[in-house]
Amino acid sequence: MLDFEEKRRRMIERLREELGISDKVAKAMLKVPRHLFVPPPYDREAYLDTPLPIGKGQTISAPHMVAIMCDLLDLKEGEKVLEVGGGSGYHAAVVAEIVGRRGKVIAIERIPELAERAKRTLEYLGYDNVKIVVGDGTKGYEPEAPYDKIYVTASAPDIPKPLIDQLKPGGRMVIPIGRYEQYLYIVDKDERGRISRRVWGPVRFVPLIGEYGFKEPI
Ligand code: SAM
């Protein structure tokens, strides 16, 4: 039986070979124990490259999607990042490894029970550069705005306007858009505040529910 650490190392090696993920992202993912973010009994499957249930009908994203989104965001040390859809806290921990202690991750989650569990896991692991907030992330999080980077881990009907407003000039957002057919978009704001967007490819996420998202239930 391989231990969790060895399974993690092998999974990330495969992601490197198959996707060509950057050294920076691979190094961060090697440090984060995904099995501690997945409640039992699914923690045993934490090093399979697949989404897994985290309770309340939600999932932790597949590791390849976390890696791809981190690379698309082109994260740098010291950046302030907003995550919409904090879920288990795993993706936030990976981003926190990359932005480091001079940086900060604010992760908003609409389901209080998930946010509470994510907070406990992150505290236990000593991530003091991650702040978990309970709320409707389609409205962003004004008290910490503006952000160098924003990423959304649930699929939206369109780019929520508050997220565009809270992105710094020169900043980037990565967001899935669509209901049944979804595409991941890279959204850039230039120094003059102009927005451009391009499609990365098809994806599958849970719906983003909120004022600038889908209405519940869908
Ligand atoms: N990034 C998470 C992780 O590492 O575990 C996985 C996120 S899961 C795919 C998407 C999350 O978005 C769910 O936990 C869901 O409750 C949350 N969500 C949906 N709509 C939201 C909203 N308007 N604001 C904040 N969170 C939302």
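Any value given below was found using the heavy atoms of this structure, including those in side chains, with hydrogens, waters and symmetry copies removed. Counting starts at 1 for both ligands and their atoms, in listed order.
Around atom CZ of Phe4, more than 12 heavy atoms belonging to other residues, nucleotides or ligands sit under 6.0 Å away.
The protein heavy atom nearest to atom 3 (C) of ligand 1 is Ser88 OG, 3.4 Å. Protein heavy atom closest to atom 4 (O) of ligand 1, with residue, atom name and distance, is His91 N, 3.0 Å. Protein heavy atom nearest atom 7 (C) of ligand 1, with residue, atom name and distance: Thr153 OG1, 3.2 Å. Here the protein heavy atom with the shortest distance to atom 15 (C) of ligand 1 is Gln58 OE1, 3.3 Å. Counting only heavy atoms of the protein, atom 6 (C) of ligand 1 lies nearest to Thr59 O, 3.4 Å. In terms of protein heavy atoms, atom 21 (C) of ligand 1 is closest to Arg110 CD, 3.3 Å.
Within the structure, ligand 1 has Pro207 among the residues with a heavy atom less than 4.0 angstrom away. Not a single heavy atom of Lys56 sits less than 4.0 Å from an atom of ligand 1. Within the 4.0 Å heavy-atom cutoff, Ala118 does not count among the residues contacting ligand 1. The closest approach between Gly213 and ligand 1 stays at or above 4.0 Å for every heavy atom of the residue.
Classification of the Phe37-Tyr90 ring pair by plane angle, with boundaries at 30° and 60°, yields perpendicular.
Close N/O approach between Gly137 and ligand 1 is found [any backbone or side-chain N/O within under 3.5 Å]. Inclusion of Gly85 in the set of residues having an N or O under 3.5 Å from an N or O of ligand 1 is warranted.
Taking the side chain as every heavy atom from C-beta outward, Tyr47 and Arg9 never approach each other to under 4.5 Å. Counting heavy atoms from C-beta outward, Pro160 and Val84 have side chains that stay 4.5 Å or more apart. With a 4.5 Å cut-off on side-chain heavy atoms, Cys70 and Val95 count as touching. Between Val32 and Tyr127, some side-chain heavy-atom pair lies under the 4.5 Å cut-off. Put simply, the side chain of Ile177 reaches to within 4.5 Å of the side chain of Asp158, judged on heavy atoms.
Linking ILVMFWY side-chain heavy atoms closer than 4.5 Å, directly or via other members, places Val187 and Leu82 in a single hydrophobic cluster.
The ligand atoms of ligand 1 that sit less than 4.0 angstrom from a heavy atom of Thr138 are 23 (N). Close contacts of ligand 1 with Gly135, meaning ligand atoms under 4.0 Å from a residue heavy atom, involve 24 (N), 25 (C). Short contacts between ligand 1 and Gly86, defined as distances under 4.0 Å to a heavy atom of the residue, involve ligand atoms 1 (N), 2 (C), 3 (C), 5 (O). Residue contact check: Leu114 has heavy atoms under 4.0 Å from atoms 14 (O) of ligand 1. Taking a cut-off of under 4.0 Å to the non-hydrogen atoms of Ile60, the atoms of ligand 1 that pass are 5 (O). Atoms of ligand 1 found under 4.0 Å from any heavy atom of Ile111, numbered from 1 in the order shown, are 16 (O).
For the salt bridge (charged side-chain N to carboxylate O under 4.0 Å, His left out) with Lys131, the lone residue among Glu123, Glu144, Glu83, Glu109 that qualifies is Glu144.
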- Please lay out, stage by stage, how Lys24 and Asp71 fare under the test salt bridge (Lys or Arg N to Asp or Glu O under 4.0 Å). CA-CA 9 Å; Lys24 188 157 57 175; Asp71 267 332; over 6 Å; no
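A salt bridge is absent between Arg194 and Asp188: the closest approach of a Lys/Arg side-chain nitrogen to an acidic carboxylate oxygen does not fall below 4.0 angstrom. The pair Asp74-Lys149 does not meet the salt-bridge criterion, since no charged nitrogen lies less than 4.0 angstrom from a carboxylate oxygen.
Atom 23 (N) of ligand 1 has its nearest heavy-atom neighbour, among Ile209, Leu208, Val66, in Ile209. Residue nearest to atom 11 (C) of ligand 1, selected from Lys139, Glu113, Arg204, Glu109: Glu109 (by heavy-atom distance).
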